[in-house]
Each structure stands twice: as structure tokens, then as C-alpha cells.
**Student:** 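One structure, as C-alpha cells, below. Some questions next.
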Amino acid sequence: SIGFIGQSGGGPSDIVLPFGTGTPYTSGYFEFSANFYVESSGNGAYFNFQEENTPGINWALDVGMSSGTINFGTYPGSWTAVYLSSTYPSNQWFELKMDIDLNTNSWDVFIDGVLQGSFANPNNQIASLDLYPLDGNHFYVDDVCFVYNSTSPITYGCTDSSASNYNPTATIDDSSCIYLIYGCTD
């Protein structure tokens, strides 16, 4: 885990995770997930997705958490546009997951596996994650993951055709394959 305590004016620095050498992604299927712990005694949490390979040029999406409310939109110091607003649990770990179809501009948001809603993003392009604590933020992040597939939606499942639970639509093996064993097992 990495912990953040925002200083007066924000920061003291960004932590940027580039999403690969083929960025910025403007088409295809992108999945982001991370576990967050947001302290209720702090002033929330903040991160953004960058639109370009060089951080600081354009923001693709701002995500802000405060007092149990999470906003997805545009935040140049205040919320000028909110595409989706939902809730998150304070003082406990939760998973935030986003399934993004860049072809249709559909951004789906899940918290602990439950769909919170979907939105279209006017900045339908993504290059990196920027973790940046705003003034007073106090939060932790762990298990940051991302997957990109240019040709088909990301579907987890068993990809081994010899398994009894083979999923022919799965694009990523999730280690769930089950193999039947015939004969005497004494």
C-alpha cells in the first residue's frame, strides 16, 4: 500500500503510472481497478487519468472522494462537470473498478463489484494514472491493475478448451479452470 497525506496547496508530488507504450489509447477496451482506503478524518482522496503520455497536458478524467461521495468528472479546482456521482465506504478498503469501452465511449464504474453507473466522457482517451493528494486528503491505494485489449471486450474466465468450464468468449484466463478426473481415486 501507498499512503497519501495532502499538503497545503496539494501534493507534495504526483505519482504517475503510465498505461503502456501504445498510449494514449483512443480505441479498444480498457479496465482499471485499485483498492482504496479513505480516512473519514481526512478530506477525501483524488486521482486523475491523464490524456497524453506527458503528464500535465490534458486530464482525461478527475475522480474525487469526499465524505462518502465519489465524483467522476472535471475538477480544475472545483467540480465544473460531474458525469457520475455515487458513494463509497469510508474507513475501510474497497475496490474501485472501471470498464471503459473507448470505441463506444462507455465508462462503467463498479465499487466492490456493484455497478454504480455509466457515463460518456468528452475526453475519451487515456494514457496514465496520476495519484495526487489534494489539500487535506488522507488515503491509501493498493493493488492497482489495468488491462488493455484493442480488439475485443475484456472477459475473464477459463481459456483452456480441455477444462470442463471452458469459456470460449474469455479473453483473459482467471485461473478458474476445472478439470474432471475420471476413474478410481482410492
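As a basis for the values below, the full set of heavy atoms in this structure was taken, side chains included, without hydrogen atoms, waters or symmetry mates.
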**Student:** So do the side chains of Ser106 and Ile100 get within less than 4.5 Å of each other, counting heavy atoms only?
**Tutor:**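 Ser106 does not reach Ile100 side chain to side chain.
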**Student:** Looking only at side-chain N and O atoms, does Gln50 offer a donor or acceptor that is under 3.5 Å from a partner on Ser128?
**Tutor:**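 Absent: no donor and acceptor within the cut-off.
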**Student:** By the disulfide (SG to SG under 2.5 Å) test, which pairs, at least two apart or in different chains, include something from residues 109-175?
**Tutor:**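 Residue pairs passing disulfide (SG to SG under 2.5 Å), neighbours aside: Cys158-Cys177.
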**Student:** Hey, is the main chain of Asn121 close enough, under 3.5 Å, to the side chain of Asn105 for a donor-acceptor pair?
**Tutor:**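 It does hold such a pair.
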**Student:** Hydrophobic cluster mates of Ile178, side-chain heavy atoms under 4.5 angstrom, ILVMFWY only, any path?
**Tutor:**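 Besides Ile178, the hydrophobic cluster comprises nothing; the residue is isolated.
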**Student:** Distance-only, no hydrogens or angles: does the Asn165 side chain make a donor-acceptor pair with backbone N or O of Ser176 under 3.5 Å?
**Tutor:**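 Yes, the answer is positive, given that a donor and an acceptor are paired below the 3.5 Å cut-off.
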**Student:** Give the ring-plane orientation class for Tyr140 versus Tyr37, where under 30° counts as parallel, over 60° as perpendicular and anything between as tilted.
**Tutor:**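 It falls in the perpendicular class, over 60°.
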**Student:** Using the ring centroid of each side chain, check whether Phe32 and Phe146 are separated by less than 6.0 Å.
**Tutor:**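 No - the distance between ring centres of Phe32 and Phe146 does not fall below the 6.0 Å cut-off.
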**Student:** Which residues, ordered by chain and number, are linked to Leu134 in its hydrophobic cluster, where ILVMFWY side chains connect at heavy-atom gaps below 4.5 Å, directly or through other members?
**Tutor:**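 Members besides Leu134, by chain and number: Tyr46, Trp59, Tyr75, Trp79, Val82, Tyr132.
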**Student:** May I ask you to decide if Val114's main-chain N or O and Gln116's side chain share a donor-acceptor pair within less than 3.5 Å?
**Tutor:**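 Confirmed, Gln116 side chain pairs with Val114 backbone.
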**Student:** Between Leu96 and Val109, is there a side-chain heavy-atom distance shorter than 4.5 Å?
**Tutor:**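 A side-chain contact exists here, since the closest heavy-atom pair is under 4.5 Å.
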**Student:** Got Asp108 and Leu115 here, is their nearest side-chain heavy-atom distance under 4.5 Å?
**Tutor:**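 The answer is yes; the side chains approach within 4.5 Å.
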**Student:** Which residue pairs pass the disulfide (SG to SG under 2.5 Å) test with at least one member in residues 106-142, sequence neighbours excluded?
**Tutor:**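 Applying disulfide (SG to SG under 2.5 Å) to every pair that reaches into residues 106-142, excluding sequence neighbours, yields nothing.
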**Student:** Using a 3.5 Å distance criterion without hydrogens, assess whether the side chain of Asp130 forms a donor-acceptor pair with backbone atoms of Val16.
**Tutor:**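 Such a contact is absent between Asp130 side chain and Val16 backbone.
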**Student:** Applying side chain to side chain contact (heavy atoms under 4.5 Å, CB included), run through Asn167 and Thr159 and close with a yes or a no.
**Tutor:** CA-CA 6 Å; Asn167 180 352; Thr159 60; over 6 Å; no
**Student:** Sequence neighbours excluded, which residues qualify as salt bridge (charged side-chain N to carboxylate O under 4.0 Å, His left out) partners of Asp99?
**Tutor:**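 Expected list: Lys97.
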**Student:** With the side chain counted from C-beta on, respond yes when Leu131 and Val141 share a heavy-atom pair under 4.5 Å apart, and no when they do not.
**Tutor:**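 When only atoms from C-beta onward are counted, Val141 and Leu131 do touch, with a gap below 4.5 Å.
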**Student:** Under 3.5 Å, is there a donor-acceptor pair between the side chain of Asp62 and the main chain of Asn48?
**Tutor:**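 Absent.
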**Student:** Quick one: are the ring centres of Phe94 and Tyr88 less than 6.0 Å apart?
**Tutor:**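 When the ring centroids of Phe94 and Tyr88 are compared, they turn out to be within the sub-6.0 Å range.
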**Student:** Asn43 and Asn137: side-chain donor and acceptor closer than 3.5 Å?
**Tutor:**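 Per modelled atom types, Asn43 and Asn137 side chains form no pair under 3.5 Å.
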**Student:** Any chain of hydrophobic side-chain contacts (each under 4.5 Å) joining Trp93 to Met98?
**Tutor:**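 Different clusters: Trp93 never reaches Met98 through Ile, Leu, Val, Met, Phe, Trp or Tyr contacts under 4.5 Å.
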**Student:** With distance as the sole criterion, is a donor-acceptor pair present between the side chains of Tyr156 and Asp173 under 3.5 Å?
**Tutor:**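 Tyr156 vs Asp173: no donor-acceptor pair found between side chains.
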**Student:** Quick check: is Val144 connected to Ile2 through a chain of hydrophobic side chains (ILVMFWY, heavy atoms under 4.5 Å apart)?
**Tutor:**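 Linked within one cluster.
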**Student:** Any side-chain heavy atom of Phe47 within less than 4.5 Å of one from Met65?
**Tutor:**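 Yes, side chains in contact.
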**Student:** Donor-acceptor pair, distance only, cut-off 3.5 Å: does the side chain of Glu95 make one with the backbone of Ile111?
**Tutor:**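 Such a contact is absent between Glu95 side chain and Ile111 backbone.
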**Student:** With under 30° as parallel and over 60° as perpendicular, where do the rings of Tyr148 and Tyr25 fit, or are they tilted in between?
**Tutor:**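 Ring orientation of Tyr148 relative to Tyr25: parallel.
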**Student:** Strictly by disulfide (SG to SG under 2.5 Å), give each pair with a member in residues 26-59 just once, sequence neighbours left out.
**Tutor:**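 Sorted result for residues 26-59: empty, none.
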